[in-house]
Amino acid sequence: MSAQQQYVSVYTDLLQTVRELGMFRRRQGYYLTRIGIVGGALLGVVAGMILLGNSWYQLWLAGALALVLVQVAFLSHDSAHRQIFRSNARNDWTARILAGCVLGMSVTWWRNKHNKHHAAPNQTDRDPDVQLKVLAFTPDAVGDRGPVGRWFAARQGWLFFPLLTLEGVGLHASSLKHLLRPGASRADRIDAAVIAARITAYVAALYLLLPAGKATAFLGLQLAVFGVCLGAAFAPNHKGMPIVPAGTKLDFLRRQVLMSRNIRGGVFTDFAMGGLNYQIEHHLFPSMPRPTLRRVQPIVREYCELHGVKYTEVGLFTSYGIVVQHLNDVGLGARDPFQCPLVTQYRR
């Protein structure tokens with residue numbers, strides 16, 4: 001039996017074990033409660049904005065609104081992965097409403113991008129998350145840039161978190177760009193209209209409620225905090241892990257485990273990262289409900305240790321240090337991103 005076949009068998013056995021333990025059972029009570037709490041928090045922030053009126057204290061509510069919207073994004077993520085309901089249609093509509101009507105983002109754009117990432121995390125020719133124009137993840141990407149681009153790449157690790165302040169604007173823009181592309185479907189056009197209406201209504205309400213200066217400050221702070229918090233939850237999961245060369249074929253188990261990183265922590269980490277701190281388990285079982293990931297983690301870790309598959313887990317701030325150092329090293333040409341022994345073997 002080849003190594004590929006061996007690990008296919010290991011994953012099949014792991015999947016069967018998890019199914020028999022009922023780990024894929026839907027947790028609708030958990031999700032409906034969380035949706036209710038997040039929805040109540042959103043209404044509370046909006047009511048606070050109306051009652052407070054013309055005041056610079058509104059900036060505190062801008063930060064609060066950003067934090068609530070991050071939780072909405074996590075719920076939309078879970079629903080798009082079909083973790084909430086047994087019905088695919090209910091999951092899809094929930095994700096569409098949360099993303100389009102509440103966040104002002106396209107769930108179809110996000111799902112298309114995110115599914116490609118899940119299929120081949122950190123693979124240069126398949127994962128859109130390592131094909132960004134702003135950040136360079138390989139020496140080749142650095143070499144293709146001009147003097148200004150190379151200067152930026154050499155410092156991209158330090159600039160990474162400041163750049164996240166623009167992530168909120170980028171998500172809105174990317175959504176509309178995808179939905180308004182030539183050849184977009186009628187459904188895409190409808191989504192574009194809904195998202196444009198949501199963004200327009202939000203901005204208009206701010207400028208009706210507050211003077212222009214305060215409204216602009218509120219909008220800028222809300223988008224910046226939203227981008228940083230959301231990006232800080234996604235960044236530790238794969239950045240700084242091995243990059244897979246184009247054309248490399250790996251079995252599902254090692255592809256998902258070796259390129260992913262878990263984040264240690266308790267209830268606060270689970271809340272702040274929306275369960276994405278169990279990234280290995282999420283990648284192995286994308287439709288598993290968020291609260292079950294903590295329960296399945298010891299089983300996955302044991303299987304990995306038993307079969308010699310490296311299982312990576314670090315603290316949150318350690319992970320941020322790894323991300324910053326990795327991005328700087330790649331930009332300076334001081335680090336080979338194809339560092340995994342398994343990947344090195346396939347490169348040969």
Side-chain angles (χ1 to χ4, degrees), residues 11 14-15 18-19 21-39 69-123 126-129 171 174-175 178 187 191 229-238 252-253 255-257 259-263 269-297 299-300:
Y11 178 71
L14 172 61
L15 183 60
V18 169
R19 287 191 185 280
L21 291 172
M23 297 290 191
F24 286 99
R25 181 176 60 84
R26 291 292 171 261
R27 301 286 298 274
Q28 291 186 29
Y30 166 89
Y31 276 112
L32 292 176
T33 299
R34 184 166 286 272
I35 289 172
I37 292 173
V38 172
L69 291 178
V70 168
Q71 294 301 315
V72 174
F74 291 148
L75 288 169
S76 180
H77 167 271
D78 291 1
S79 192
H81 274 294
R82 298 174 175 173
Q83 297 176 11
I84 300 179
F85 303 105
R86 293 185 182 88
S87 165
N88 289 342
R90 286 186 180 182
N91 280 310
D92 290 345
W93 273 106
T94 301
R96 185 182 295 270
I97 291 169
L98 291 174
C101 299
V102 183
L103 292 176
M105 289 170 45
S106 165
V107 75
T108 56
W109 161 76
W110 177 85
R111 181 185 284 127
N112 178 61
K113 172 179 173 292
H114 198 61
N115 285 350
K116 291 178 181 177
H117 160 71
H118 266 265
N122 277 18
Q123 184 157 338
R126 297 179 61 189
D127 183 359
D129 287 356
L171 291 171
S174 296
S175 294
H178 171 79
D191 279 353
C229 291
L230 195 61
F234 280 91
N237 303 332
H238 302 282
F252 183 80
L253 177 70
R255 177 184 291 278
Q256 303 302 334
V257 175
M259 313 312 159
S260 303
R261 178 194 297 116
N262 274 19
I263 306 300
T269 306
D270 291 358
F271 173 80
M273 298 191 69
L276 297 175
N277 44 315
Y278 303 105
Q279 190 68 193
I280 293 173
E281 290 71 28
H282 173 57
H283 264 253
L284 289 173
F285 315 112
S287 63
M288 181 175 288
R290 187 198 311 181
T292 309
L293 296 174
R294 175 183 284 272
R295 294 172 51 208
V296 82
Q297 183 188 27
I299 300 172
V300 173

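Side-chain atoms are counted along with the backbone in the values below, which use heavy atoms only and exclude waters and symmetry mates.
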Can you confirm whether Met259 sits close enough to Gln123 that some side-chain heavy atom of one is under 4.5 Å from a side-chain heavy atom of the other? no

Step by step, would you call Arg90 with Ile84 a side-chain contact (heavy atoms from CB on, under 4.5 Å)? CA-CA 9 Å; Arg90 286 186 180 182; Ile84 300 179; over 6 Å; no

So, for [X] and [Y], which heavy atoms are closest and what is the spacing to 0.1 Å?
X: Ala233; Y: Pro236; answer: O-CD, 3.7 Å
X: Met273; Y: Ala232; answer: CE-O, 4.4 Å
X: Ala95; Y: Ser76; answer: O-OG, 3.4 Å
X: Leu293; Y: Gly275; answer: CD1-O, 3.7 Å
X: Leu284; Y: Tyr11; answer: O-OH, 2.8 Å

Side chain [X], main chain [Y], donor-acceptor under 3.5 Å:
X: Asp78; Y: Gln83; result: no
X: Arg26; Y: Phe24; result: yes
X: Arg290; Y: Gly274; result: yes
X: Asn262; Y: Gln279; result: yes
X: Ser79; Y: Leu75; result: no
X: Ser175; Y: Leu171; result: yes
X: Asn88; Y: Arg82; result: no

Is Asp191 salt-bridged to Arg96, cutoff N-O under 4.0 Å? yes

Atom [atom1] of [X] and atom [atom2] of [Y]: how far apart are they, to the nearest 0.5 Å?
X: Leu253; Y: Ile280; atom1: CG; atom2: CD1; result: 10.0 Å
X: Gln256; Y: His282; atom1: CD; atom2: NE2; result: 9.5 Å
X: Thr108; Y: Asn112; atom1: OG1; atom2: CG; result: 8.0 Å
X: Met23; Y: Met288; atom1: CE; atom2: CE; result: 6.5 Å
X: Arg19; Y: Leu14; atom1: CZ; atom2: CG; result: 11.0 Å
X: Thr292; Y: Leu21; atom1: OG1; atom2: CG; result: 11.5 Å

Hey, mind stepping through Val300 and Phe285 against side-chain contact (heavy atoms from CB on, under 4.5 Å) and telling me if it holds? CA-CA 11 Å; Val300 173; Phe285 315 112; 3.8 Å; yes

Working note: Leu98 + Leu103, criterion side-chain contact (heavy atoms from CB on, under 4.5 Å); need CA distance, chi angles, decisive distance, verdict. CA-CA 6 Å; Leu98 291 174; Leu103 292 176; 5.8 Å; no

Residues, nucleotides or ligands: over 12 heavy atoms within 6.0 Å of Lys116 NZ: no

Give a yes or no on this: more than 12 heavy atoms of other residues, nucleotides or ligands lie within 6.0 Å of atom CZ of Phe271. no

Ile299/Glu281 under side-chain contact (heavy atoms from CB on, under 4.5 Å): CA gap, chis, key distance, verdict: CA-CA 10 Å; Ile299 300 172; Glu281 290 71 28; over 6 Å; no

Give the ring-plane orientation class for His118 versus His283, where under 30° counts as parallel, over 60° as perpendicular and anything between as tilted. parallel

Assign the ring pair His81 / His77 to parallel, tilted or perpendicular, where the plane angle (0 to 90°) is split at 30° and 60°.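 Aromatic pair His81/His77 classed perpendicular.
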
Mark yes or no: Arg294 above the aromatic ring of Tyr278, with NZ or CZ under 6.0 Å from the six-membered ring centre and no more than 45 degrees from the axis.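 Judged by the rule (NZ or CZ under 6.0 Å from the ring centre, within 45° of its axis), Arg294 is not positioned above Tyr278.
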
Salt bridge (Lys or Arg N to Asp or Glu O under 4.0 Å) involving Asp127 - partner list, sequence neighbours excluded: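 Result, salt bridge (Lys or Arg N to Asp or Glu O under 4.0 Å) vs Asp127: none returned.
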
